Amino acid sequence: MVNSQLVNSQLIGIDVGGTAIKLGRFRPDGTCLQSLTVATPQPSTPEAVLAAMVDAIAQIDPYNQAVAIGVGTPGPADKTGRIAQVAINLPGWQNVPLADWLETKTGKPTVIANDANCAGLAESWLGAGRHFHNLILLTLGTGVGGAIILNGQLFVGHQGAAGELGLITFNPHGPICKSGNSGSLEQYTSITAIRRRTGKEPAELGALAAAGDQCALTFWQEYGRNLGIGLASLIYVLTPQAIIIGGGISASFEFFFPTLKIELEQRVMPTSRIDLQILPAKLGNSAGMVGAAKLASSLLLSKSPSFPQSNHNPTINYNPPQL
């Protein structure tokens with residue numbers, strides 16, 4: 001029998017960023033009941049961010065109706081979904097037991113994951129990837145993140161840090177990456193890389209391309225080729241049904257997609273890209289908190305098999321078997 005308390009439960013999804021914290025209160029089917037965005041404290045130490053989150057949770061859930069919390073952070077979490085191992089652009093974030101802290105403050109079961117993984121869960125659940133069980137999400141923003149959904153499950157790897165797709169090597173002699181790698185894909189396809197190369201913002205280049213500016217169009221053509229080169233390696237390894245392109249740069253998808261497609265057709269054997277679809281993400285800036293809410297629902301599912309789920313239901317395994 002389905003537990004009626006779980007059917008009627010509410011969930012909180014939180015997306016922690018360097019400048020803003022986005023929160024949503026959701027039903028289990030993904031319906032957003034209320035959302036809120038607050039500024040990330042500066043300096044954004046773990047203690048300051050925790051205090052801001054607790055205050056924002058009280059605002060978005062004044063009647064204490066939510067039964068679980070999911071949080072996306074800008075860096076890898078451990079495989080149990082308890083510890084924020086690193087948070088890019090947030091000072092002092094090293095092995096922060098964020099789930100424990102939030103549970104102590106709120107009394108609600110809490111789970112955390114990389115923000116790109118949350119976005120991947122969201123797009124797989126309710127967005128552009130909802131018709132596929134094997135997909136890649138690539139988030140093209142200030143950095144380049146990624147998520148991998150295999151057989152309907154979020155793949156996090158042996159210790160929880162899998163899916164850092166932007167950190168694969170693109171040019172071994174390229175610019176140094178924060179990861180320590182040289183010439184990572186991120187150094188050629190992120191907003192930071194675009195600024196470094198052109199002195200312009202991606203939105204500005206998109207507007208110029210839309211107006212027919214030849215220099216901007218040429219830039220996006222080269223951008224698509226570079227992105228295609230990076231994605232080719234991922235396709236050979238994972239052979240996904242779909243690649244979802246998200247993040248702010250995806251607003252110019254129409255300008256870089258044609259050369260991206262040509263590059264993949266030249267570099268990837270047909271047998272490795274049968275029916276492959278390259279699609280822009282659909283959920284925009286809400287993807288992180290939507291996916292975090294999905295984390296919370298998966299956490300409840302692990303505690304109660306009667307928790308209601310949709311037909312297409314990406315999940316995360318918090319306790320993978322040890323080999």
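A quick note: this is a predicted structure, and the numbers were derived from the prediction, not measured. Counting begins at 1 with the first residue of the sequence.
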Search all heavy atoms of [X] against all heavy atoms of [Y] and return the closest pair with its distance.
| X | Y | result |
| --- | --- | --- |
| Leu167 | Ser179 | CD1-CB, 3.8 Å |
| Pro28 | Ser9 | CD-O, 3.1 Å |
| Ala20 | Thr37 | CB-CG2, 3.9 Å |
| Asn117 | Gly146 | OD1-O, 3.5 Å |
| Ala56 | Leu36 | O-CD2, 3.8 Å |
| Ala147 | Gly120 | CB-CA, 3.8 Å |

Inset, instruction - Name all residues meeting the salt bridge (Lys or Arg N to Asp or Glu O under 4.0 Å) criterion together with Glu254; count only those two or more places apart in sequence or in a different chain, and write none if there are none. - result: none

Legend entry - For Glu265, all residues meeting salt bridge (Lys or Arg N to Asp or Glu O under 4.0 Å), sequence neighbours excluded: Lys261

Would you call [X] and [Y] a side-chain contact if the rule is heavy atoms closer than 4.5 Å?
| X | Y | value |
| --- | --- | --- |
| Ile262 | Leu264 | no |
| Asn171 | Thr169 | no |
| Gln59 | Pro62 | no |

Answer with yes or no whether the hydrophobic clustering places [X] together with [Y]; edges join I, L, V, M, F, W, Y residues whose side-chain heavy atoms lie under 4.5 Å apart.
| X | Y | result |
| --- | --- | --- |
| Leu238 | Leu231 | yes |
| Leu299 | Ile83 | no |
| Ile69 | Trp101 | yes |
| Leu150 | Leu234 | yes |
| Ile57 | Ile21 | yes |

Does [X] use its side chain to pair, donor to acceptor, with the backbone of [Y] at less than 3.5 Å?
| X | Y | result |
| --- | --- | --- |
| Ser35 | Leu23 | no |
| Arg197 | Ile194 | no |
| Asn134 | Asn151 | yes |
| Glu123 | Lys282 | yes |
| Ser252 | Phe255 | no |
| Arg273 | Val268 | yes |
| Thr198 | Arg195 | no |
| Thr189 | Leu185 | yes |
| Ser297 | Lys294 | yes |

Legend entry - Lys105 bridged to Asp100 by N-O distance under 4.0 Å: no

Inset, instruction - Taking only Lys NZ, Arg NE, NH1 and NH2, and the carboxylate oxygens of Asp or Glu, determine whether Arg82 and Glu103 approach each other closer than 4.0 Å. - result: yes

Can you tell me how far [atom2] of [Y] sits from [atom1] of [X], rounded to the nearest 0.5 angstrom?
| X | Y | atom1 | atom2 | answer |
| --- | --- | --- | --- | --- |
| Ile149 | Leu135 | CD1 | CG | 5.5 Å |
| Gln65 | Leu11 | CD | CG | 12.0 Å |
| Thr139 | Asp115 | OG1 | CG | 7.0 Å |
| Ile60 | Gln10 | CD1 | CD | 10.0 Å |
| Ser298 | Gln153 | OG | CD | 9.0 Å |
| Leu137 | Ile148 | CG | CD1 | 10.5 Å |

Inset, instruction - Can you sort out the partners of Gln85 under side chain to side chain donor-acceptor pair (under 3.5 Å), two or more places apart, ordered by chain and number? - result: none

Legend entry - side chain to side chain donor-acceptor pair (under 3.5 Å) partners of Gln34, counting only residues at least two apart: Arg25

Inset, instruction - Identify which one of Asp15, Leu98, Asn114 satisfies the side-chain contact (heavy atoms from CB on, under 4.5 Å) criterion when paired with Thr73. - result: Leu98

Legend entry - Partner of Leu227 by side-chain contact (heavy atoms from CB on, under 4.5 Å), out of Leu138, Val144, Ile249: Leu138

Inset, instruction - Verify side-chain contact (heavy atoms from CB on, under 4.5 Å) between Leu208 and Cys215, making sure each step is shown before the conclusion. - result: CA-CA 9 Å; Leu208 288 169; Cys215 289; over 6 Å; no

Inset, instruction - Evaluate the criterion salt bridge (Lys or Arg N to Asp or Glu O under 4.0 Å) for residue pair Lys108 and Asp61; output intermediate values, then yes/no. - result: CA-CA 12 Å; Lys108 303 179 193 298; Asp61 187 24; 3.8 Å; yes

Inset, instruction - Please report the C-alpha distance between Ile191 and Glu201 in whole Å, then the side-chain angles of each, then the deciding distance to 0.1 Å, and finally whether the side-chain contact (heavy atoms from CB on, under 4.5 Å) criterion is met. - result: CA-CA 7 Å; Ile191 291 175; Glu201 295 295 318; 4.2 Å; yes

Legend entry - Contact list for residues 168-217, test ring-ring contact (aromatic ring centres under 6.0 Å, His included), sequence neighbours left out: Phe170-Tyr188

Inset, instruction - Kindly state each residue pair satisfying ring-ring contact (aromatic ring centres under 6.0 Å, His included) with at least one member in residues 28-74, sequence neighbours excluded. - result: none

Legend entry - Pairs meeting criterion side-chain hydrogen bond (donor to acceptor under 3.5 Å, both in side chains) with involvement of residues 205-221, two or more places apart: Gln214-Thr218

Inset, instruction - Sort and list the pairs that fulfil side-chain hydrogen bond (donor to acceptor under 3.5 Å, both in side chains) and have at least one residue in residues 223-251, not counting sequence neighbours. - result: none

Inset, instruction - Decide side-chain contact (heavy atoms from CB on, under 4.5 Å) for Ile235 and Val237; before the verdict, give the C-alpha distance in whole Å, the side-chain angles of both, and the deciding distance to 0.1 Å. - result: CA-CA 5 Å; Ile235 293 169; Val237 173; over 6 Å; no

Inset, instruction - Just grab all the salt bridge (Lys or Arg N to Asp or Glu O under 4.0 Å) pairs involving residues 136-160, residues at least two apart or on different chains. - result: none

Legend entry - For Ser184, all residues meeting side-chain contact (heavy atoms from CB on, under 4.5 Å), sequence neighbours excluded: Cys177, Asn181, Glu186, Gln187

Going by atom type alone, with no hydrogens or angles, which donor-acceptor pairs under 3.5 Å involve a side-chain atom of residues 41-53 and a protein atom two or more places apart or on another chain?
from  : atom 1 : to    : atom 2 : distance (Å)
Gln42 : NE2    : Gly18 : O      : 3.0
Gln42 : NE2    : Thr40 : O      : 3.2
Thr45 : OG1    : Ala48 : N      : 3.3

Inset, instruction - Using a cut-off of 6.0 Å, state whether more than 12 heavy atoms not belonging to Asn285 lie near its atom CG. - result: no

Please set out all donor-acceptor pairs under 3.5 angstrom arising from side-chain atoms of residues 274-281, sequence neighbours excluded.
none

Legend entry - CA sep, side-chain torsions, deciding dist, call: Ile244, Ile136, side-chain contact (heavy atoms from CB on, under 4.5 Å): CA-CA 6 Å; Ile244 312 300; Ile136 293 170; over 6 Å; no

